Amino acid sequence: MKAIVYDKYGPANVLKIREIEKPKLGSKEILIKIFETVVTPTDIASRNANPFIIRFFSGFFRPKLILGSDFVGEIEAIGDDVTQFNTGDKVFSSSNLNFACYSEYISLPEDSIISKLPESNFSEDVAGICDAGMTALTFLRDKAKIKAGDKVLINGASGAIGTYAIQLAKYFGAEVTAVCSASNQELVKNLGADHHIDYTKSDFTQKESVYDIIFDAVGKSTFSLCKKALKPNAKYLTTVPTFNIFYHMLISNRFSSRKAIFDATGLSQNKEKLEFLKELLLKKKLKSVVDKKYNMEDVVNAHIYVESGHKKGQVILTIA
Ligand SMILES: NC(=O)c1ccc[n+]([C@@H]2O[C@H](COP(=O)([O-])OP(=O)(O)OC[C@H]3O[C@@H](n4cnc5c(N)ncnc54)[C@H](OP(=O)(O)O)[C@@H]3O)[C@@H](O)[C@H]2O)c1
């Protein structure tokens, strides 16, 4: 089968298409033909080993991973002891920390975080919901304990996590301020944001005691800078692990009513979250924003685009 591989860490052009062995099927596993996956900032970080800590997960001297964490596909074969799926089922999933979705096939245990696609055809919208959607849900629902009436600011609101976060925050009844550039104002308003701040013209951190939750979906701010804009007992959340956030998690937990929170949401993905998001998709309370689609052969350009840091929602990589 064809897969996108890389033998050394580096710029986008280290990625190559190569024939590799098709995954073997265990008795409790399903073999999935992948239609689409997504290109994420995590893929970029894993490709160029930046931050350095990535090497502890994806190979210290040389990368050992095939990239790609989310997929939409069809089950081509099932192991002898599989009970929940049949060949021909269309499924979507996050391969969680296993990656390996930049390839024509993946085999996964049937009890992985996999959900069947409903009959209605919305496959194009679900490829990216697993990682980005579950991340937004984990931060807002589980960590921030969002509730109706909360004033929520989402920084990086036009990105993959941000576009789901706006819709989820509205679903939970919050008043949402979306921060991104003017070029994405219409997008975030259409997703339900009540207010928009253009970060190139206005600094939301200068506001005083306004927000119950500041969710920095792109990790461009710090707790110290945002503290003034938080109400007492409010929460600051960021997706990006830095020394600064770990320091403030320790300090704010003990000495401040305003809390700083980081979470590695990839470690807490589960079926409940995926089914929750699927229900919202079916009820049309949630939609995915797809910015661009690239063919497998064009993966280098897909990486260059995602690395620019200005994609809107998802960038899809079409495999089959
Ligand atoms: N903690 C976890 O477990 C976890 C899980 C998944 C992902 N992540 C991380 O989460 C981060 C976000 O991922 P993503 O896919 O949502 O990112 P993304 O889609 O690449 O974010 C791009 C968006 O960010 C906006 N943006 C860029 N610079 C900005 C700034 N200075 N202020 C405000 N907005 C800005 C851009 O809007 P404009 O074009 O308008 O500037 C663009 O629409 C990544 O670093 C990723 O590694 C963490």
Side-chain angles (χ1 to χ4, degrees), residues 37-51 53-54 57-58 67-70 94-97 99 127-140 142-144 153-168 177-189 191 193 196-205 214-222 225-226 236-242 245-246 249 260-270 273 288-292 302-317:
T37 182
V38 283
V39 181
T40 68
T42 307
D43 297 342
I44 306 302
S46 303
R47 190 206 71 222
N48 60 19
N50 182 15
I53 194 171
I54 288 280
F57 304 99
S58 56
L67 300 174
S69 54
D70 297 3
S94 168
S95 68
N96 206 344
L97 299 178
F99 290 85
I129 203 162
C130 309
D131 187 38
M134 280 198 266
T135 295
L137 181 64
T138 304
F139 273 104
L140 289 175
D142 303 343
K143 295 290 164 186
L153 179 137
I154 298 163
N155 193 34
S158 48
I161 296 169
T163 49
Y164 289 122
I166 294 171
Q167 298 173 83
L168 288 169
T177 300
V179 181
C180 53
S181 68
S183 61
N184 289 319
Q185 176 171 359
E186 203 181 327
L187 169 70
V188 296
K189 288 272 187 170
L191 292 173
H196 167 256
I197 294 176
D198 177 354
Y199 66 86
T200 66
K201 299 218 171 76
S202 171
D203 182 359
F204 69 85
T205 65
I214 293 180
F215 177 32
D216 190 350
V218 282
K220 300 284 184 190
S221 66
T222 62
L225 282 174
C226 293
Y236 168 86
L237 308 104
T238 179
T239 56
V240 176
T242 57
I245 188 68
F246 291 126
M249 278 169 78
I261 300 171
F262 163 79
D263 190 62
T265 55
L267 301 175
S268 63
Q269 291 182 355
N270 61 38
K273 291 178 193 173
S288 296
V289 174
V290 175
D291 184 346
K292 289 180 187 240
H303 266 237
I304 290 169
Y305 183 58
V306 171
E307 206 164 356
S308 76
H310 293 283
K311 71 178 167 69
K312 305 171 204 327
Q314 307 289 340
V315 167
I316 303 271
L317 193 64

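Here the structure is a predicted model, which means the values were calculated and not measured. Whatever order the structure lists them in is the order used to number ligands and atoms, beginning at 1.
- Of all the heavy atoms of Thr40, none lies under 4.0 Å from any atom of ligand 1, so neither backbone nor side chain is involved.
- The protein non-hydrogen atom at the shortest distance from atom 24 (O) of ligand 1 is Val218 CG1, 3.4 Å.
- Note that the CG atom of Asp142 and the CG atom of Asp263 stand 8.5 Å from one another [nearest 0.5 Å].
- Nearest to atom 42 (C) of ligand 1 among the protein's heavy atoms is Lys311 O, 3.1 Å.
- At the shortest separation from atom 37 (O) of ligand 1 among protein heavy atoms lies Ser158 OG, 3.0 Å.
- Of all protein heavy atoms, the one lying nearest to atom 33 (C) of ligand 1 is Asn155 OD1, 3.2 Å.
- Side-chain atoms of Ile161 and Phe139, non-hydrogen and from C-beta on, never get closer than 4.5 Å to each other.
- Among Thr135, Val240, Ile161, the residue whose heavy atom lies nearest to atom 7 (C) of ligand 1 is Ile161.
- By the side-chain contact (heavy atoms from CB on, under 4.5 Å) test, Leu225 pairs with Thr205, Thr222, sequence neighbours left out.
- Nearest non-hydrogen protein atom to atom 27 (C) of ligand 1 is Gly309 O, 3.4 Å.
- Between Asp263 and ligand 1, an N or O atom pair is found at a separation short of 3.5 Å.
- Heavy-atom proximity to Gly266, at under 4.0 Å, picks out these atoms of ligand 1: 3 (O).
- The heavy-atom pair separating Thr239 from Val218 by the smallest distance is OG1-N, 4.0 Å.
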Discussion item. Using the rule given for side-chain hydrogen bond (donor to acceptor under 3.5 Å, both in side chains), can you reason through Thr200 versus Asp198, listing the C-alpha separation, both sets of side-chain angles and the distance that settles it, and then say yes or no?
Written reply: CA-CA 5 Å; Thr200 66; Asp198 177 354; 2.7 Å; yes
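- The closest heavy-atom contact to atom 12 (C) of ligand 1, among the options Ala132, Ala217, Gly162, Gly159, comes from Ala217.
- Heavy-atom proximity to atom 30 (C) of ligand 1, evaluated over Phe139, Tyr164, Tyr199, is greatest for Tyr199.
- The single protein non-hydrogen atom nearest to atom 40 (O) of ligand 1 is Ser181 OG, 2.5 Å, given as residue, atom name and distance.
- Here the protein heavy atom with the shortest distance to atom 47 (O) of ligand 1 is Thr42 OG1, 3.6 Å.
- Listed by chain and residue number, Asn184, Leu187, Asp291 satisfy the side-chain contact (heavy atoms from CB on, under 4.5 Å) test with Lys312 (two or more places apart in sequence, or in another chain).
- Of the candidates Leu237, Asp43, Thr265, Val306, the one placing a heavy atom closest to atom 4 (C) of ligand 1 is Thr265.
- For the pair Cys226 and Phe204, the tightest heavy-atom approach, listed with the atom from each and the gap, is SG-CE1, 3.7 Å.
- Looking at Asn155 and Ser221, their side chains never bring a donor and an acceptor atom within 3.5 Å of each other.
- Taking every heavy atom of both residues into account, Ala144 and Leu237 meet most closely at CB-CD1, 3.8 Å.
- With Ile154, Leu187, Thr239 as candidates, the residue nearest to atom 9 (C) of ligand 1 on a non-hydrogen basis is Thr239.
- Every atom of ligand 1 is numbered from 1 in the order shown, and the set under 4.0 Å from a heavy atom of Asp131 is 6 (C).
- Formation of a donor-acceptor pair under 3.5 Å by the Lys273 side chain with backbone atoms of Ser268 is found in this model.
- Note that Lys220 lies outside the cation-pi zone of Tyr199, set by a 6.0 Å cut-off to the ring centre and a 45° limit from the axis.
- With hydrogens left out, the protein atom closest to atom 17 (O) of ligand 1 is Pro41 CG, 3.7 Å, a heavy atom.
- Heavy-atom proximity to Phe262, at under 4.0 Å, picks out these atoms of ligand 1: 1 (N).
- Between the CD1 atom of Ile166 and the NZ atom of Lys189 there is a distance of 10.5 Å, given to the nearest 0.5 Å.
- Those atoms of ligand 1 that come under 4.0 Å of a heavy atom in Asn184, given as number and element, are 37 (O), 38 (P), 39 (O), 40 (O), 43 (O).
- Ligand 1 has no N or O atom lying under 3.5 Å from any N or O atom of Cys180, backbone or side chain.
- The shortest N or O to N or O distance between Lys312 and ligand 1 is not below 3.5 Å.
- Those atoms of ligand 1 that come under 4.0 Å of a heavy atom in Ala264, given as number and element, are 3 (O).
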